[in-house]
> 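This structure is in structure tokens; I'll ask about it shortly.
All values derive from a computational prediction rather than experimental measurement.
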Amino acid sequence: MKNPIWHFCLTLCLFLVASSAFAACEKGDDPCAPAKAKDSWNKSLAFGLNLTSGNSDTLLVTALGAANRETDSDLIDFGVSASYGEDDALEESQGSSTTRNDVRASAGYNYKLSERMYTGLGTKFLYDEIADVKYRVNLNPTFGYFLLKDADFTLGIEGGPGYTFEKVADETDDYFSPRIADRFEWIISCTSKLFQTAEVLFDVTDSENYIVNAEIGVEAALNSSLALVVSLRE
């Protein structure tokens, strides 16, 4: 990826079917009920749909799924997302109305060395038709540390060596790709939170070849099973 291509996706009015830590409850519809046990799985499934009509008709469909668990000894997380978008106004000028068509997946396991320090391994997969990425797989051993970790704030930084396998257009490549990243979460109240993640992966053989992934958003619980999410993802 000699010239990085940035894709921003703003997802509005996204209903999240979830059992999130900040809004989970054993029964009933009270989002402020006691949270689930620390070692239980938090699972979520989200769908987003944006439609416009007028001089041009546009469509954006987004689906996301996630599952994570934290115990006294480790942290495990899985995620998958897919997006598809169209803009009819582009059909004549560009020969295709597709504005987004991508699939992302991730998995990670981290073992706690202490209450704030951890190490582990993560992997990510990407398919992106618009960027002409046939596949990109990242393998990333990780060492991380929580600068903040309490009931309201979590701020972790992590990094480590990595390796990337990819096929962009008709070119297949693989390279050593060190990674640095951060993750932040602020539990504003028992019904709302702000979250942010960012990472940069570098190609050590080419300073112009790098990968940036980032997301920031807010989530507000409507009840114990539904939440409203607004997020910006690169």
> So do Met117 and Lys112 actually touch side chain to side chain, heavy atoms under 4.5 Å?
no
> Are Glu158 and Arg116 within salt-bridge range, i.e. N to O under 4.0 Å?
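A salt bridge is absent here (no side-chain N lies under 4.0 Å from a carboxylate O).
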> What about Leu75 and Trp41, same hydrophobic cluster or not, with Ile/Leu/Val/Met/Phe/Trp/Tyr joined at side-chain heavy-atom distances under 4.5 Å?
no
> Which heavy atom in Ala169 sits nearest to a heavy atom in Lys134, and how many Å separate them?
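Result for this residue pair: O-NZ, 3.5 Å.
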> Got a second to check how far Tyr135's OH is from Phe125's CZ, nearest 0.5 Å?
10.0 Å
> Take a 6.0 Å sphere around CG of Asp170 and say whether it holds more than 12 heavy atoms from other residues, nucleotides or ligands.
no
> Between Tyr175 and Val204, is there a side-chain heavy-atom distance shorter than 4.5 Å?
no
> Do Tyr84 and Leu49 share a hydrophobic cluster, counting only Ile, Leu, Val, Met, Phe, Trp and Tyr and linking them when any side-chain heavy atoms are less than 4.5 Å apart?
no
> Between Val137 and Thr123, is there a side-chain heavy-atom distance shorter than 4.5 Å?
yes
> If we ignore angles and hydrogens, is there a donor and acceptor under 3.5 Å between the side chains of Thr142 and Asn140?
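Absent: no donor and acceptor within the cut-off.
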> Any chance you could lay out the ring pair (Phe, Tyr, Trp, His ring centres under 6.0 Å) test for Phe165 and Tyr163, step after step, and finish with the verdict?
CA-CA 7 Å; Phe165 303 87; Tyr163 209 82; 5.2 Å; yes
> Considering non-hydrogen atoms only, spot the tightest contact between Phe202 and Val200 and give its length.
CZ-CG1, 3.4 Å
> With hydrophobic residues grouped by side-chain heavy-atom distances under 4.5 Å, do Tyr109 and Tyr145 end up in a single group?
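Yes, same cluster.
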> Among all residues two or more places apart in sequence or in another chain, which pass the side chain to side chain contact (heavy atoms under 4.5 Å, CB included) test with Asp77?
Asn68
> One pair to check against salt bridge (charged side-chain N to carboxylate O under 4.0 Å, His left out): Glu199 and Lys124. What are the steps and the verdict?
CA-CA 12 Å; Glu199 67 175 1; Lys124 290 190 175 183; 2.8 Å; yes
> To the closest 0.5 Å, what do you measure between OG1 (Thr99) and CG (Leu60)?
6.5 Å
> For Tyr111, look at atom OH and say whether over 12 heavy atoms of other residues, nucleotides or ligands are found less than 6.0 Å away.
no
> Flag the pair Asn138 / Ile211 as yes when at least one side-chain heavy-atom distance between them is below 4.5 Å, and no otherwise.
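Yes - at least one pair of side-chain heavy atoms lies under 4.5 Å apart.
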> I'd like to know if Phe176 and Leu201 are part of one continuous hydrophobic network [Ile/Leu/Val/Met/Phe/Trp/Tyr, side-chain heavy atoms within less than 4.5 Å].
no
> Please identify each residue that fulfils salt bridge (Lys or Arg N to Asp or Glu O under 4.0 Å) with Lys167, with sequence neighbours left out.
none
> If I take atom CG from residue Leu126 and atom OG from residue Ser81, how far apart are they, to the nearest 0.5 angstrom?
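Interatomic distance, Leu126 CG to Ser81 OG, rounded to 0.5 Å: 9.0 Å.
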> Using side-chain contact (heavy atoms from CB on, under 4.5 Å), reason through Ile157 and Arg183 one step at a time and then give a plain yes or no.
CA-CA 7 Å; Ile157 56 173; Arg183 61 177 74 187; over 6 Å; no
> Quick check: Tyr118 with Phe146 (ring centres under 6.0 Å apart)?
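Yes; Tyr118 has its ring centre under 6.0 Å from that of Phe146.
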> Do Asn213 and Arg104 have side chains that approach each other closer than 4.5 Å (heavy atoms only, starting at C-beta)?
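A side-chain contact exists here, since the closest heavy-atom pair is under 4.5 Å.
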> Okay, side chain of Thr98, backbone of Arg100: is any donor-acceptor separation there less than 3.5 Å?
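Pair absent, no side-chain N/O of Thr98 close to backbone of Arg100.
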> Quick one: do Thr119 and Leu113 satisfy side-chain contact (heavy atoms from CB on, under 4.5 Å)? Show the steps, please.
CA-CA 7 Å; Thr119 186; Leu113 301 174; 4.1 Å; yes
> Hey, mind stepping through Tyr127 and Asp102 against side chain to side chain donor-acceptor pair (under 3.5 Å) and telling me if it holds?
CA-CA 5 Å; Tyr127 163 79; Asp102 57 70; over 6 Å; no
> Linking I/L/V/M/F/W/Y whenever any side-chain heavy atoms sit under 4.5 Å apart, do Leu194 and Phe153 land together?
yes
> May I ask you to test the Ser231-Glu215 pair for a side-chain heavy-atom distance under 4.5 Å?
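A side-chain contact under 4.5 Å exists here.
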> Which pair of non-hydrogen atoms, one from Thr164 and one from Ser177, has the smallest distance, and what is that distance?
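Looking at all heavy atoms of both residues, the shortest contact is OG1-OG, 2.7 Å.
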> Can you find a pair of side-chain heavy atoms, one from Arg69 and one from Thr71, that are under 4.5 Å apart?
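Yes - at least one pair of side-chain heavy atoms lies under 4.5 Å apart.
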> Would you say the side chain of Pro141 lies within less than 4.5 Å of the side chain of Leu121, judging by non-hydrogen atoms?
yes
> Do Gln196 and Asp182 have a side chain donor and acceptor closer than 3.5 Å?
yes
